[in-house]
Structures are given as structure tokens and as C-alpha cells.
There are 2 protein chains.
Amino acid sequence: MVVYELTDSEVDAMFRALADATRRDIVDRVLHENASVSRLAERYDMSFAAVQKHVAVLQAAGLVTKSRQGREQIVSGNLASIHHIQKLLSHFEAVWKQRALQMADVLRDDATTEAPPSPTSSGTRVDIPHD
Amino acid sequence: MVVYELTDSEVDAMFRALADATRRDIVDRVLHENASVSRLAERYDMSFAAVQKHVAVLQAAGLVTKSRQGREQIVSGNLASIHHIQKLLSHFEAVWKQRALQMADVLRDDATTEAPPSPTSSGTRVDIPHD
DNA sequence: TTCATATACAACCATTTGGTTGCATATTAT
DNA sequence: ATAATATGCAACCAAATGGTTGTATATGAA
């Protein structure tokens, strides 16, 4: 697989690419089945050029790849990049869980540090997600 | 936990919020330890107002929460939302893996459908990630 | 060759983004 | 009361985004 380390701007591009419902739908679609750009464009209520741009954004982010097939460009999903950002988010979760454990320890020592244990309004959520 | 279904624009906001290295760093930081806005601002080479805006973007996306603590606003991470988009990406991966299995089946039937089995250039990646 | 299809791409436009500075307000410290 | 700290927020600006229309090019079909 060899997912070499990505730069900040590469990660930026991936998240930004996913920050649009049409593009998320395109990713979902091509993960199910490869499709040409015009095939994709049929599905959305916007111009062909607009869909073409969306695909270009996804391609620039490395989330999809295009390959010529006669006069068509076949769009297919790129699992590696999707897996990468999913891992990044897993890291966030792991950090939080780790901290939740530490907080459980701190509760026994009581608050002697500067860290505010329980903010007023909604309070610090210590919930640990379960699948 | 009760993560009610999110709208497209809510998911948009979450991904867009993460599409900036400074904001990802803020999330990472407050997941490790709560911090006031000014405490966060010290770390970055930009104005206080800029960091304040970044926090506002994260808050609007539901990725962090703020709570008054005296004259400070304490920023803390919101696990539920992070977990949600991580799940969304897991879904993408699951779809792809499912399809990879189907493709293995199709290889026995050979290509009778319109689906192009192997694009020319980089080829369809059938790699399945392993941790 | 000629026509239709699929894509590429440029120019344009309104809105959003990510930064700035400046000023107002709230809270704590002296 | 006054000063210092922490934040909120408005106005401004350059660049990027997400859409449009129009035109050009490449490929397959008749």
C-alpha cells in the first residue's frame, strides 16, 4: 500500500474535496461502480462543466482517478487516500479516548493543576463512542 | 450518545472545518487538553482574531465547544462529531471492499456487462488496506 | 467526410474564505 | 476607579470556490 506521508496542503485538499455533498455523492457512486464523467453528470441538476469541475477537484485531491476508455473518461475511487484520512480521524478519536482515561485518573487526585475539570454550560463530554 | 442524522450542509461544514491545517492542529490540541482561545492563539503565527475565527469555524461545525470560565473561553473537542465523519469515511471504505469482493466474483463470469474491468493507466486499485 | 458524443478549458460572476486592523465589551487585578 | 487581560465583532481585502455559458478538440458512428 505504501501510503507515504502527506503534506498539510494535500490533506487540506482531501478534506476540502469532501466538503461538498455533490462530490461526496460522486465518491460514493464511483466506489460502487466506475462511471464516465457524462454518466455522472446525468445524475445531477447542474451543467456538465460543473460536474467536470467537481471531478477535477476530487482528482486533484487524489480521491478519484480518471482513465481514458475510448472517448470517455472513466472515474474510479482511490481507496488509499480515503483510508488515509479515515485513519487521521481515527487518530483524533484515539487521542480523545486516551485523554478520557487520564481524566478518570485525575479525578482521584482531584484538581490541583490549572486544567479546568468541568466547564459550566454543556460540560466536557467524556463519552466514549461504542459501535 | 444519540447522534441524530446530520444534514448535507452540516457534514459540509465539518469537512470544510477540517480542510485547514491550523484548524486540524487546534482540534488535535484541544483533544489533548482544553485551552482558552488566547492560549491557542499564542501558538500560531497569526493574529488573535484569525485564531478566534478558526475556533468559530470549528464551533459552527460542531467539532469543538466553548464554555466560559471567568474571562476566558475554554475550547474543548467534541468527540461525537469527529466520530460521525470517521464513520462516514469507514462507510466509503466498506463500500469499496464490498465491491472488491464482487469484482472477484465477476472475474469468474468474465466481463459481459458494460462495466470496464481494468482501465489502462493506473488501473483500478483493488488493494484492501490492512492495519 | 460528416455528424453526434464526450471531454477540455477559458472567461465571467457572486459568494465564501482566511487573513488583517481597529474598536467595543467583559472580567480580573491593583 | 483604573488598568490590564480575554474576547467579540465589524469593516476591509485578496484569493479561492462553485456555478454559468461558450468554444474547441478528440473520438466513434453513419
Side-chain angles (χ1 to χ4, degrees), chain A residues 8-27 29-30 34-61 63-76 114-116 119-121, chain B residues 8-27 29-30 34-61 63-76 114-116 119-121:
Chain A
D8 275 347
S9 64
E10 284 173 324
V11 178
D12 286 3
M14 283 195 274
F15 277 113
R16 201 179 311 114
L18 288 172
D20 180 284
T22 301
R23 288 197 291 262
R24 284 195 301 277
D25 195 70
I26 290 175
V27 169
R29 192 173 300 278
V30 301
N34 290 350
S36 67
V37 179
S38 50
R39 176 70 70 112
L40 287 171
E42 293 170 3
R43 308 281 186 148
Y44 305 104
D45 188 24
M46 64 184 71
S47 68
F48 173 83
V51 175
Q52 196 177 352
K53 275 191 178 183
H54 280 308
V55 172
V57 169
L58 289 169
Q59 186 184 22
L63 290 168
V64 306
T65 58
K66 287 196 301 183
S67 54
R68 270 224 167 269
Q69 200 82 20
R71 62 180 156 183
E72 296 181 327
Q73 287 275 24
I74 303 300
V75 182
S76 47
E114 83 293 348
T120 52
S121 65
Chain B
D8 275 347
S9 64
E10 284 173 324
V11 178
D12 286 3
M14 284 195 274
F15 277 113
R16 201 179 311 113
L18 289 171
D20 181 284
T22 301
R23 287 197 292 262
R24 283 194 302 277
D25 194 69
I26 290 176
V27 169
R29 193 173 300 278
V30 301
N34 290 350
S36 67
V37 180
S38 50
R39 176 70 69 113
L40 287 170
E42 293 170 4
R43 310 281 185 148
Y44 305 103
D45 187 24
M46 64 185 71
S47 69
F48 173 83
V51 174
Q52 196 177 351
K53 274 192 178 182
H54 279 309
V55 172
V57 169
L58 289 169
Q59 187 183 21
L63 290 168
V64 306
T65 59
K66 286 196 302 184
S67 54
R68 269 224 166 269
Q69 199 83 20
R71 62 179 157 185
E72 296 181 325
Q73 286 275 26
I74 304 300
V75 183
S76 47
E114 84 294 347
T120 52
S121 65

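The shown structure was predicted, so the numbers you read here are calculated from the model rather than taken from an experiment. The chains referred to below are lettered A, B, ... by the order of the sequence lines, with proteins before strands, and numbering in each begins at 1.
Following rounding to the nearest Å, B:Asp12 (CG) and C:dT15 (C1') show an atom-to-atom distance of 15 Å. In this structure, the CG atom of B:Leu40 is 13 Å from the P atom of D:dA6, given to the nearest Å. As a whole-Å value, the separation of B:Glu72 CD from D:dT7 P is 6 Å. Atom CG of A:Asp25 is separated from atom C1' of D:dG18 by 17 Å (rounded to the nearest Å). Distance, B:Asp45 CG to C:dG18 P: 17 Å, rounded to whole Å. Following rounding to the nearest Å, A:Tyr44 (OH) and D:dG19 (C1') show an atom-to-atom distance of 16 Å.
Proximity of B:Gln52 to the phosphate of D:dT7: no side-chain N or O atom is located under 4.0 Å from OP1 or OP2. Within the 4.0 Å cut-off from OP1 or OP2 of C:dA6, not a single side-chain nitrogen or oxygen of A:Lys66 is found.
Legend: residues meeting side-chain contact (heavy atoms from CB on, under 4.5 Å) with A:Ala21, ordered by chain and number and at least two apart, are A:Arg24, B:Asp8, B:Asp12. Looking at residues two or more places apart in sequence or on another chain, you find a side-chain contact (heavy atoms from CB on, under 4.5 Å) between A:Ala35 and A:Arg39, A:Leu40. When the salt bridge (charged side-chain N to carboxylate O under 4.0 Å, His left out) test is applied to B:Asp20, no partner is found at least two apart in sequence or on another chain. Contacts of A:Ala49 classified as side-chain contact (heavy atoms from CB on, under 4.5 Å), with partners at least two apart in sequence or in another chain: A:Ser47. For the side-chain hydrogen bond (donor to acceptor under 3.5 Å, both in side chains) test, residues two or more places apart in sequence or in another chain that qualify with A:Ser36 are A:Ser38. For A:Arg16, the salt bridge (charged side-chain N to carboxylate O under 4.0 Å, His left out) criterion is met by no residue, not counting sequence neighbours.
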What does the B/S/- profile of nucleotides 21-30 of chain C look like, 5' to 3', with a 4.0 Å heavy-atom cutoff to protein?
B-----BB--

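In this structure, the side chains of A:Thr22 and A:Met46 come closer than 4.5 Å at one or more pairs of heavy atoms.
Residue pairs satisfying the salt bridge (charged side-chain N to carboxylate O under 4.0 Å, His left out) criterion with at least one member in residues 42-58 of chain B, sequence neighbours excluded, are absent.
Within the 4.0 angstrom heavy-atom criterion, only backbone atoms of the sugar-phosphate kind lie near A:Ser36; the bases stay farther away.
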Taking only nitrogen or oxygen atoms into account, show me every contact under 3.5 Å that the protein makes with nucleotides 12-17 of chain D, one pair per line with its distance.
unit_1	atom_1	unit_2	atom_2	d
D:dT17	OP1	A:Arg16	NH1	3.2

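Closest approach of A:Ala13 and A:Ala61 over heavy atoms only: O-CB, 3.5 Å.
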